[in-house]
Amino acid sequence: MRYVPAVHLSLETLNGPQRDAVVHDKGPLVVFAGAGSGKTRVITYRIAQLIAQQGVAPYRILAVTFTNKAAGEMRERLSSLLAHDVHDIWVGTFHSTCARMLRRYHELCGVKRDFVIYDDADQKAMVTRVLNDFGFDDRRYDPKKVAGAINKAKQEVVGPESYPSNDAWTEVIKKVYTAYEERMTRSGALDFGDLIYRLVRSVESNELLKRELASRFDHILVDEFQDTNRVQFRLVKDLSEQKRNLCVVGDDDQSIYRWRGADRRNILDFRREYPDATIIKLEQNYRSTKKILRAAHSVVSRNVDREEKTLWTENAEGAPILVVRSADERDEAHLAVATAREVVHAGRKLSDIAIFYRIHAQSRVFEEALRAANLPYQVIGGTRFYDRAEVKDILAYLRVISNPDDDVSLLRIVNVPTRGIGKTSIDRVLDRAAKEATSVWATLEHIGDDASIASGTRKKLIGFVSMMNALRDKVAGGMGPAEVARAILEETAYQKALRDEDTPEADARLENIQELLGSMDEFENEAETPTLSAFLENVTLQTNTANDDSEDRITMMTVHAAKGLEFPVVFVGGLEEQMFPYHGYDAGDDPDELEEERRLAYVAFTRAREKLILSWAALRRVFGQPRINPRSRFLDELPRADIEEIGGAPSPSYASQRSSGWDDNSGYQRPWQHPQRSRSERPMMGTPRTSTTPARKSSESYIDRSEVEVGEDGIRMGMRVAHAKYGVGEVRGVTPGVPPKVTVSFPGWGTKQIVASFLEPA
DNA sequence: TCCGAATTAATTTTT
DNA sequence: TTAATTCGGA
């Protein structure tokens with residue numbers, strides 16, 4: 001049977017390489033797709049072409065995207081190309097696709113059909129518990145780092161049994177990893193990494209499953225291939241083994257998930273794995289102006305470890321890139337507001353504007369300014385709705401109802417709202433559960449005969465158990481997720497407890513719960529399988545809450561979240577050293593990290609279609625502490641002819657500010673005095689003050705560059721200083737004030753704020 | 001065991 | 001800076 005497309009595929013609207021990729025027949029194919037080169041169009045056209053021209057059955061096509069959003073968009077685009085059967089195409093993220101397969105073949109994969117998915121917070125809770133069981137100090141063994149090690153092992157398809165232990169640290173990891181896996185199994189839970197790792201292991205160890213899955217798809221397409229990690233590539237290899245119709249699309253310059261195990265070698269060396277692979281390069285950009293492309297290229301091309309390629313465009317030359325100096329982060333936010341107003345004044349919509357930043361923490365100031373200016377906005381990502389405590393509580397109840405062995409969720413809610421089950425009792429229950437190697441729930445079920453627990457507490461625990469059982473019966477009786485949630489609110493007295501609090505915070509929480517109930521109603525109406533476990537899976541794998549595009553508003557997000565998107569006007573904030581390129585406290589001097597930051601800048605810049613505004617602040621408060629950092633090296637890597645500097649020269653060193661005097665009226669504005677007013681005193685986008693910036697030579701290493709003078713009394717970023725008690729450490733920040741303080745990282749002591757006079761150069 | 005006060009930790013980036 | 005956690009007194 002042949003599937004007929006609703007719309008004729010107008011292949012003639014594609015350029016040469018695009019068309020080649022779309023009509024490529026059989027065998028491995030790698031498409032290097034530069035930013036804005038019509039990548040998504042190629043993938044969707046290719047899928048449509050496979051179905052319409054080659055007669056491939058939709059359900060035999062698997063398209064893997066990086067985010068749920070991208071999956072949704074692909075589906076949408078496909079449905080406009082194909083009349084029907086779009087639904088049968090497997091479109092999803094690695095995680096959702098694997099979850100689906102694991103459920104379908106749960107017996108062969110050795111997982112419970114109703115497994116719950118643990119997010120990072122759940123995983124961390126589980127790791128902490130295991131650490132405590134072993135009596136390991138969770139300050140010495142940071143649960144996050146331990147979890148990171150476990151995740152990394154899974155990315156490399158290394159199970160606990162083959163985890164190498166060569167020293168004290170890895171020995172602990174191996175032990176914890178082993179126990180963690182047992183606990184997870186007992187809890188009927190899989191973490192994010194498991195979804196892919198478990199499927200790969202099952203496929204590779206089980207002939208039956210392998211035969212089934214390796215022949216299931218005629219064509220596999222992977223988007224954003226530069227951000228896949230080892231397991232993911234291996235899975236895709238396994239699944240395409242029989243037909244070898246594997247098409248991967250990506251851009252190594254946009255690889256920004258190295259920290260999550262992404263390996264650019266996957267795309268760069270694809271040919272090594274598939275020597276017969278066809279290579280297609282998409283280098284014509286349809287999105288941005290020439291100036292924007294040149295700027296982006298001139299930054300990313302400084303990377304050493306990179307395939308040289310140059311995007312070109314027939315688009316207009318465009319407006320200069322604005323490089324704007326702000327006094328501080330609030331001033332920067334005002335600049336964003338002024339920019340937005342100007343853009344709207346020029347007849348554009350708010351939704352044409354995006355504000356990007358390196359880290360979420362930067363969003364707050366922008367939000368405040370936009371709210372004050374009455375400009376509607378939306379924030380993508382950040383503290384997610386489903387991360388709110390009250391929402392997690394209700395979800396934890398639902399999860400325990402769906403899967404009582406889910407220890408992490410159970411422990412979260414056993415005393416929420418407070419029902420007199422204290423830490424001591426819980427500890428006793430945990431001990432017993434560990435001894436009996438069962439889940440906490442299983443222990444609770446027969447807690448009545450445990451004489452070591454006070455009879456009053458026992459009664460409370462028994463009451464909890466029967467309450468949960470009653471709720472579970474309702475689900476068994478066919479009650480839908482939303483109604484169950486309402487029953488939970490009533491019967492656990494959760495709602496009542498919040499009402500009794502009668503504080504604005506509690507009201508906000510109640511509102512969030514209402515929103516949760518609303519989204520559950522919506523889920524029940526829209527999902528094809530509106531079951532409780534389907535809802536829970538959706539929640540865990542769904543990142544940003546569905547945002548409707550109907551409203552005209554500014555969009556804010558991290559640069560990571562911006563990948564794959566485009567906006568006519570892009571405002572990037574925080575272009576200072578330490579911020580962007582970001583350099584955290586515990587970060588080393590890793591040139592690879594700097595290269596990734598540069599790719600990140602490349603991604604940010606190439607989102608812009610017409611106008612790109614880059615902003616840096618002379619002073620920025622971090623944790624409420626003012627920090628002075630030089631402007632980002634990336635700004636100095638831009639082609640001078642394509643940019644327009646506004647607001648003055650590169651950050652004056654702290655010392656030179658001093659020498660210019662605190663009370664004079666020289667041009668320099670002291671941001672900490674009148675940050676709000678300074679904005680209007682400066683020309684905005686029109687005639688800029690000519691920059692006096694000498695092109696600064698960017699040095700190779702992080703540390704070198706950050707040793708720009710910002711110090712007080714000769715103290716500089718990155719220099720080594722000595723302290724009587726803490727010994728020698730490295731300067732991580734300078735806080736002006738009386739007395740001036742310095743942030744110093746001391747090996748073995750962590751990061752400390754020290755009054756400058758107690759330090760000596762070392 | 002509970003509540004408010006005091007301390008201190010937190011910031012990459014996401015599925 | 002804010003949010004979470006610990007502390008100390010009832």
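Below, read A as the first sequence line, B as the second, and so on, with proteins coming before strands; counting in each chain starts at 1.
Where A:Arg419 and A:His95 each meet DNA chain B at their nearest nucleotide, the meeting point lying more 5' is that of A:Arg419. Both A:Ala361 and A:Thr457 lie close to DNA chain B; mapped to their nearest nucleotides by heavy-atom distance, the more 5′-ward contact belongs to A:Thr457.
Rounded to an integer number of Å, the gap from CZ of A:Phe356 to P of B:dT14 is 13 Å. Residue A:Glu593 contributes atom CD, which lies 11 Å from atom C1' of B:dT13 at whole-angstrom precision. When the C1' atom of B:dT13 is taken as reference, atom OH of A:Tyr602 falls 19 Å away, rounded to whole Å. Rounding to whole angstrom units, NE2 of residue A:His360 and C1' of B:dT14 are separated by 8 Å. In this structure, the CZ atom of A:Phe580 is 11 Å from the C1' atom of B:dT12, given to the nearest Å. Atom CD of A:Glu597 and atom C1' of B:dT11 are 13 Å apart (whole Å). A:Ile359 has its CD1 atom 15 Å from the C1' atom of B:dT14, to the nearest Å. The distance from atom NE2 of A:His560 to atom C1' of B:dT13 is 4 Å, rounded to the nearest whole Å.
Looking at residues 195-203 of chain A, you'll see that no heavy atom sits under 4.0 Å from any atom of DNA chain B. Contact check of residues 259-267 of chain A against DNA chain B (heavy atom, cut-off under 4.0 Å) returns A:Trp259, A:Arg260.
When A:Glu596, A:Glu597, A:Arg598 are each tested for a side chain to side chain donor-acceptor pair (under 3.5 Å) with A:Asn303, only one passes: A:Arg598.
Across all strands shown, A:Asp119 has no heavy atoms under 4.0 Å from either base or sugar-phosphate atoms. Across all strands shown, A:Phe94 has no heavy atoms under 4.0 Å from either base or sugar-phosphate atoms.
Nearest approach of A:Asp223 to A:Thr65, heavy atoms of both residues: CB-CA, 4.3 Å. The nearest pair of heavy atoms linking A:Asp251 to A:Ile267 is N-CD1, 4.1 Å. A pairwise comparison of heavy atoms in A:Arg358 and A:Met579 identifies CG-O, 3.1 Å as the closest pair. In this structure, A:Val231 and A:Val157 approach most closely via the heavy-atom pair CG1-CG2, 3.5 Å. Closest of all the heavy-atom pairs between A:Ala99 and A:Glu537 is CB-OE2, 3.4 Å.
Ring centroid separation for the pair A:Phe115 and A:His106 does not come in under the 6.0 Å cut-off. In this structure, the ring of A:Tyr257 has its center less than 6.0 angstrom from the ring center of A:Phe66.
Qualifying ring-ring contact (aromatic ring centres under 6.0 Å, His included) partners for A:Phe567, counting only residues two or more places apart in sequence or in other chains: none. In this view, A:Tyr180 satisfies the ring-ring contact (aromatic ring centres under 6.0 Å, His included) rule with no residue, not counting sequence neighbours.
In this model, the phosphate group of B:dT11 is approached by a side-chain N or O of A:Lys144 to a distance below 4.0 Å at OP1 or OP2. One finds no side-chain N or O of A:Thr67 lying less than 4.0 angstrom from the OP1 or OP2 phosphate oxygen of B:dT14.
One P atom belongs to C:dT6, the other to B:dT11, and the distance between them is 16 Å to the nearest Å. One C1' atom belongs to B:dT12, the other to C:dT5, and the distance between them is 23 Å to the nearest Å. Comparing C:dA4 with B:dT13, their P atoms are spaced 16 Å from each other, to the whole Å.
Note that CZ of A:Arg399 is 10.5 Å distant from CD1 of A:Ile413, once rounded to the nearest 0.5 Å.
Counting heavy atoms of neighbouring residues, nucleotides and ligands inside a 6.0 Å radius, atom NZ of A:Lys152 does not exceed 12 of them.
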>> Evaluate A:Ser615 against A:Glu332 for side-chain hydrogen bond (donor to acceptor under 3.5 Å, both in side chains), listing each step before the verdict.
In response: CA-CA 7 Å; A:Ser615 153; A:Glu332 176 178 67; 2.5 Å; yes
> Checking ring pair (Phe, Tyr, Trp, His ring centres under 6.0 Å) for the pair A:Phe225/A:Phe233: CA distance, chi angles, key distance, verdict?
Replying inline: CA-CA 9 Å; A:Phe225 195 67; A:Phe233 191 11; 5.1 Å; yes
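Helical stems involving DNA chain B, defined as 3 or more consecutive Watson-Crick or G-U pairs under 3.5 Å, span B:1-10 with C:1-10.
A:Trp616 is not listed as a side-chain neighbour of A:Ser326, based on a closest heavy-atom distance of 4.5 Å or more.
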Pairwise N/O distances under 3.5 Å, protein to nucleotides 1-5 of chain C:
from, atom 1, to, atom 2, distance (Å)
C:dT1, N3, A:Phe623, O, 3.3

